[in-house]
Amino acid sequence: MRDRAWHPPALTPLYKTSVARSPQRAPLSFATTISEETSPVFGNDVLGPLDNDLIHNFAKDGAGAIGPRIVVYGRVVDEANRPVPNTLIEVWQANAGGRYRHKKEGYLAPLDPNFGGCGRCITDENGWYEFRTVQPGPYPWPNGPNDWRPAHIHFSIFGHAFAQRLISQLYFEGDPMIWQCPIVGTIPTPEAIETLVAKLDMGATIPMDARAYRFDIVLRGKRQTLFENRMEGL
């Protein structure tokens, strides 16, 4: 069974938006419907050749995104460490300067014309996934007088249907700003926070090209990955 103390409480006033977002009444549990369990899923036949390459999937011919090049890879597993194959993973992130490509973005850092900031892939038969991208930069956000988000990548993991979706964030090993972030600070223990930190893997780097970070995702159980939208996992 999952450990409910592993996740942050819904109401954490130092993370200001949690005040309005946190539920005011006890949660209700609903069984899944037939359409939720049997609806169409995203398949490999609709993936493009550059969908998991954020360095080039938005770039002009012959160009690439600006910033430190990295590979992010890992496995998606269940509570018994069994691989979860054929599951869609989507990622989105800020560019190397810490700016998102979004019409409401308010940070002064410049846009990279060759970086779109999103990608997707499907896990293989052993649950492995991989993305190529640039390391995102930190950015300020209007929570407190001088709050900054550490460098991070957002992850979305789909289950057997589009209604089964989990959302989380990946941070990078060695980043001191992780421990300064009010959002990260809502997580009760350092051990839980470490489950969101991708580890530098020099053995998987591409020489003269990109460093590598490994980030494994656990969907259920006592030590599952922390998910923002569904704390119980899939």
Side-chain angles (χ1 to χ4, degrees), residues 1-8 41-42 44 47 51-55 68-94 118-136 149-160 164-175 177-179 181 183-184 186-206 209-234:
M1 295 179 63
R2 70 183 183 275
D3 181 357
R4 293 181 182 274
W6 188 245
H7 285 78
V41 295
F42 198 91
N44 282 294
L47 281 178
D51 278 10
N52 70 332
D53 184 352
L54 282 69
I55 296 173
R69 297 155 68 97
I70 61 173
V71 173
V72 177
Y73 80 102
R75 290 182 81 208
V76 180
V77 298
D78 65 13
E79 69 273 27
N81 203 39
R82 295 172 297 198
V84 180
N86 305 315
T87 191
L88 172 65
I89 298 179
E90 296 177 328
V91 295
W92 63 99
Q93 63 171 89
C118 57
R120 59 190 178 184
C121 72
I122 292 178
T123 57
D124 68 13
E125 64 275 11
N126 294 309
W128 291 98
Y129 73 90
E130 181 177 304
F131 292 92
R132 286 172 56 86
T133 186
V134 295
Q135 187 158 355
R149 296 295 337 272
H152 62 279
I153 298 176
H154 298 270
F155 269 68
S156 167
I157 303 99
F158 283 93
H160 298 297
Q164 297 176 339
R165 185 190 186 203
L166 299 175
I167 300 172
S168 191
Q169 296 184 27
L170 168 162
Y171 302 99
F172 294 92
E173 182 180 23
D175 184 353
M177 295 189 69
I178 295 172
W179 312 100
C181 177
I183 295 179
V184 177
T186 66
I187 301 172
T189 67
E191 293 79 12
I193 294 171
E194 288 291 347
T195 67
L196 298 179
V197 178
K199 307 303 181 185
L200 179 65
D201 183 357
M202 292 301 293
T205 59
I206 303 173
D209 185 350
R211 290 171 299 153
Y213 286 87
R214 178 168 177 172
F215 183 61
D216 293 334
I217 299 168
V218 183
L219 296 183
R220 289 179 293 267
K222 188 175 182 180
R223 289 297 180 262
Q224 69 173 40
T225 302
L226 298 177
F227 299 114
E228 301 166 17
N229 63 321
R230 190 178 296 179
M231 291 190 293
E232 68 273 19
L234 281 181

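Considering CG of Leu170 and CZ of Arg214, their distance stands at 13.0 Å, rounded to 0.5 Å. Atom-to-atom distance recorded for Leu88:CG and Phe158:CZ is 5.5 Å, nearest 0.5 angstrom. Rounded to the nearest 0.5 Å, atoms SG (Cys181) and CD1 (Ile187) are 8.5 Å apart. With rounding to the nearest 0.5 Å, the separation of SG in Cys121 from CG in Asp51 is 9.5 Å.
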Donor-acceptor pairs under 3.5 angstrom involving side-chain atoms of residues 68-78: please list them, not counting sequence neighbours.
from	atom 1	to	atom 2	distance (Å)
Arg69	NE	Asp209	OD1	2.8
Arg69	NH2	Asp209	OD1	3.2
Tyr73	OH	Asp201	OD2	2.4
Arg75	NE	Asn126	O	3.1
Arg75	NH2	Asn126	O	3.2
Asp78	OD1	Ala80	N	2.9
Asp78	OD1	Asn81	N	3.2
Asp78	OD1	Arg82	N	2.9
Asp78	OD2	Arg82	NE	2.7
Asp78	OD2	Arg82	NH2	2.9

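If you run side-chain contact (heavy atoms from CB on, under 4.5 Å) between Thr195 and each of Asp216, Val218, Leu226, only Leu226 comes through.
Remark: the backbone N or O of Ala210 is not paired with any side-chain donor or acceptor of Thr205 at under 3.5 angstrom. A distance-only check finds a donor-acceptor pair linking the side chain of Asn52 to the backbone of Glu130 [under 3.5 Å].
In terms of heavy atoms, Leu196 sits closest to Ser168 at CD2-OG, 3.4 Å. Residues Trp92 and Ile167 come closest through the heavy atom pair CH2-CG2, 4.2 Å. Pairing each heavy atom of Leu54 with each of Phe131, the nearest pair is CD1-CD2, 4.1 Å. Scanning all heavy atoms of the two residues, the minimum distance from Pro83 to Gly127 falls at CB-N, 3.8 Å. When all heavy atoms of Tyr171 and Arg149 are compared, the closest pair comes out as OH-NH2, 2.7 Å. Annotation for Ile183 and Thr186: closest pair O-OG1, 2.7 Å, computed over non-hydrogen atoms.
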Can Ile193 and Trp179 be said to form a side chain to side chain contact (heavy atoms under 4.5 Å, CB included), step by step? CA-CA 9 Å; Ile193 294 171; Trp179 312 100; 3.6 Å; yes
Can you list the steps and then say if Arg120 with Tyr129 is a side chain to side chain donor-acceptor pair (under 3.5 Å)? CA-CA 10 Å; Arg120 59 190 178 184; Tyr129 73 90; over 6 Å; no
Going through the distances and angles, do Gln224 and His7 end up as a side chain to side chain contact (heavy atoms under 4.5 Å, CB included)? CA-CA 10 Å; Gln224 69 173 40; His7 285 78; 3.3 Å; yes
Working note: Lys199 + Glu194, criterion salt bridge (charged side-chain N to carboxylate O under 4.0 Å, His left out); need CA distance, chi angles, decisive distance, verdict. CA-CA 9 Å; Lys199 307 303 181 185; Glu194 288 291 347; 2.8 Å; yes
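Side-chain polar atoms of Glu228 and Gln169 form a donor-acceptor pair below 3.5 angstrom. For the residue pair Gln93 / Thr133, a side-chain donor-acceptor distance below 3.5 Å is found, with atom types taken as modelled.
Side-chain contact between Tyr213 and Gln135 is present, with heavy atoms from C-beta onward closer than 4.5 Å. Looking at Glu90 and Arg165, their side chains come closer than 4.5 Å, going by heavy atoms from C-beta outward. Put simply, the side chain of Ile89 reaches to within 4.5 Å of the side chain of Thr123, judged on heavy atoms. A 4.5 Å side-chain heavy-atom check between Val197 and Phe172 finds every atom pair outside the cut-off. Residues Leu219 and Ile217 are in side-chain contact: their nearest non-hydrogen atoms beyond the backbone lie under 4.5 Å apart.
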